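As C-alpha cells, the structure follows; a few thoughts come after it.
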There are 2 protein chains.
Amino acid sequence: MSPAAVPVGLPTVTSPGKVPVTIRAMESSSAASGGSTRREATRQKLYEAAVTLIAEQGFSATTVDEIAERAGVAKGTVYYNFASKSVLFEELLRHGVGLLTASLREAAERTAREGGSKVDALDAMIRAGLVFIDRYPAFTQLYVAELWRTNRAWQSTLMVVRQQAVAVVEDVLREGVGNGEFSEEIDVPLTAAALVGMVLVAALDWQSFQPERSLDDVHAALSRLLQGRVSGCR
Amino acid sequence: MSPAAVPVGLPTVTSPGKVPVTIRAMESSSAASGGSTRREATRQKLYEAAVTLIAEQGFSATTVDEIAERAGVAKGTVYYNFASKSVLFEELLRHGVGLLTASLREAAERTAREGGSKVDALDAMIRAGLVFIDRYPAFTQLYVAELWRTNRAWQSTLMVVRQQAVAVVEDVLREGVGNGEFSEEIDVPLTAAALVGMVLVAALDWQSFQPERSLDDVHAALSRLLQGRVSGCR
DNA sequence: GTTTTTGCACTGACCAGTCAGTTCAAATTT
DNA sequence: AAATTTGAACTGACTGGTCAGTGCAAAAAC
C-alpha cells in the first residue's frame with residue numbers, strides 16, 4: 001500500500017570514508033576552535049534524520065522521538081545538542097543553505113575564471129542547483145515548503161537564508177547588465193526569483209514525478225528556456 | 001514585533017453582492033439539486049478560514065478549534081460538514097485547483113479565439129496565473145508547501161490535482177510544437193514544470209518580499225524571460 | 001389557521017491520546 | 001576526570017474527534 005514515491009534524504013555531507021570538515025562555518029555553536037568531533041558527528045546524524053522526516057511530514061508532524069530514533073541516539077541527546085526542536089530546525093536550515101550558496105558561488109566563479117559569459121555563469125549555476133537538489137532532495141523539499149509561510153518562529157532565519165541564496169543569482173544578473181550582455185530593462189530581483197523558481201520546481205517535479213530522467217535532460221530543458229530557444233526570437 | 005509579511009486569504013469566490021453559484025462542481029456533497037444554501041455557506045466560511053491558517057502555519061500546526069473559531073462556527077460544525085480535518089483539506093485543494101485550471105484554460109482559449117499565437121497563449125496563462133495568485137495568495141502558499149511532500153494522507157489527491165494544472169500548460173506547449181511554433185526538441189513535461197515554477201516562485205516572492213510592485217511589473221519580467229529577451233538570442 | 005412533528009444544521013463540553021520538554025543517575029568515551 | 005551519551009520516567013498542555021442535546025423553519029396533522 002505504501003506508495004514510496006519520492007527519493008528523499010540529505011545524505012552525509014562528507015564522503016563515506018572520513019568524518020572531516022562537514023563544511024565548517026556552521027556558526028551556531030563552536031565558533032573558533034572546532035568543537036569535539038564526536039559531538040559534531042552526532043549533530044550531523046540528527047540533521048540527516050530531521051531533514052528527511054520534516055521533508056516528508058512537515059515540522060509540526062515530526063516528533064522529537066522520531067528524529068532521535070532515526071538518528072540512532074537517545075532523546076536526551078537531542079536536547080543535549082540543541083536547545084529545542086525549533087533550534088535544531090533553524091540550524092539545519094542555515095547548514096543547508098550554506099552548502100547551496102557555496103556551490104552556486106563556486107559555479108559562477110569557475111565560469112568567470114574560465115572566461116565564460118554571464119549566460120554561461122547562469123547556466124553553470126542552474127546545473128549546480130540541479131546537482132544540489134539531486135543530492136539533497138529532502139532539504140530542498142523542506143525549504144520550499146517553509147519559505148513562504150508566515151507567523152513561524154524561524155521566520156527571520158528563513159528570510160536571511162533566502163536572501164543569501166537569491167543574492168548570488170542577482171549578482172550575476174547585475175554584472176550581466178553592467179556588462180551589456182543583458183538588457184538594461186530586466187528587473188533583477190524578479191528575474192532572479194523567476195530563475196530560482198524555474199530550477200526549483202522543475203527539479204522537484206523531476207525527482208517526484210519523472211525520476212527516470214537524467215540530470216542532463218533537465219539541465220538541457222532549463223538551458224533552452226533560459227536562452228529563449230523555446231519560443232523563437234524575434 | 002509581529003512582522004505581518006504576506007497578505008493572505010482566499011476571499012469569497014463570489015462577488016460581494018450575490019450569494020450564487022460559488023463555482024459549482026464541488027462534487028463533495030449535493031450532486032444534482034443544489035444542497036441547502038446554508039450548508040454551502042458554512043463550508044465556504046470553513047474553506048476561507050482553513051486556507052489562511054494552513055498557509056500560515058501548515059496543516060499539522062493548525063488546529064480544528066482554530067479553524068472553527070475563525071470561521072465563526074462551533075467545532076462540531078466542522079465535523080458535521082467534513083469527515084475529518086484531512087478531508088476538509090483535500091476538498092479545499094480540489095476546490096482551489098479547480099478555480100486555477102478553469103482560469104488558465106479560459107486564458108488559453110481566449111487567445112486562441114482571438115487568433116493569437118501559442119506564445120501569446122502562454123503569456124496570457126502567465127498573466128492568468130499571476131492574477132490567481134494575487135487573488136488567492138494563501139491557497140498558493142499552501143499548495144506549494146504541500147505539493148512535494150510524501151507520506152501524507154492526501155498524497156493521491158495532490159497528484160491528481162497537480163496533473164490537472166500542469167496538463168493545461170503541457171497542452172499548449174504540445175500544440176505549439178505541432179504547430180511548428182516551438183522547437184521540436186523541447187521537453188514538454190519538463191518545460192511545463194519549469195514555466196509553472198517560474199510563475200509560482202516569482203509571484204510568491206513578489207507577494208512576500210516586494211508587495212509594492214504591480215502585477216504588470218511581474219508580468220513584464222516573466223514575459224521577457226519567456227521570450228528569451230533576457231539573454232540575447234544567437 | 002393553529003398546533004404538532006420532523007429532521008437538518010449546529011453546538012460545545014468532554015475524552016482519550018499525544019507530544020515537547022525535563023530530569024537525572026548511570027554508563028561510555030575521550 | 002571531564003565531556004558526552006543513555007534511557008526511562010514524568011509532567012502539563014494541547015488536540016482530533018465524539019456525542020447528547022438545542023434551535024428552528026418547513027411540513028404534516030388537526
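Naming: A, B, ... by sequence-line order, numbering from 1 per chain. Bear in mind the structure is a predicted one, so any value in this text is a computation, not a measurement.
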Would you give a per-nucleotide map of nucleotides 11-30 of chain C, 5' to 3', where B means the base has a protein non-hydrogen atom under 4.0 Å away, S means only the sugar-phosphate does, and - means neither? BB------SBBB------S-
Under the salt bridge (charged side-chain N to carboxylate O under 4.0 Å, His left out) test, which residues partner K75(B), sequence neighbours left out?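 Partners of K75(B) under the salt bridge (charged side-chain N to carboxylate O under 4.0 Å, His left out) test: D65(B).
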Answer yes or no: does a side-chain N or O of T42(B) lie under 4.0 Å from OP1 or OP2 of dA9(C)?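 Checking T42(B) against dA9(C): no side-chain N or O falls below 4.0 Å of OP1 or OP2.
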Ignoring backbone atoms, establish whether N81(B) has a side-chain N or O less than 4.0 Å from OP1 or OP2 of dC10(C). yes
Do NZ/NE/NH1/NH2 and the carboxylate oxygens of E91(B) and R43(B) come within less than 4.0 Å? yes
Can you name the residues that form a side chain to side chain donor-acceptor pair (under 3.5 Å) with S60(A), not counting sequence neighbours? R152(A)
Can you sort out the partners of T62(A) under side chain to side chain donor-acceptor pair (under 3.5 Å), two or more places apart, ordered by chain and number?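 Residues passing side chain to side chain donor-acceptor pair (under 3.5 Å) with T62(A): Q57(A).
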Pairs satisfying side chain to side chain donor-acceptor pair (under 3.5 Å), at least one member in residues 103-112 of chain A, at least two apart: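 As it turns out, there is no side chain to side chain donor-acceptor pair (under 3.5 Å) pair with a partner in residues 103-112 of chain A once direct neighbours are skipped.
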Mind jotting down which residue pairs meet the salt bridge (charged side-chain N to carboxylate O under 4.0 Å, His left out) criterion with at least one end in residues 194-214 of chain A? Sequence neighbours excluded, please.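 For residues 194-214 of chain A: D205(A)-R162(B), R213(A)-D217(A), R213(A)-D187(B).
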Rounded to the Å, how far apart are [X] [atom1] and [N] [atom2]?
{"X": "L46(A)", "N": "dT4(D)", "atom1": "CG", "atom2": "P", "result": "14 Å"}
{"X": "F82(A)", "N": "dT4(D)", "atom1": "CZ", "atom2": "C1'", "result": "14 Å"}
{"X": "R39(B)", "N": "dC24(D)", "atom1": "CZ", "atom2": "C1'", "result": "17 Å"}

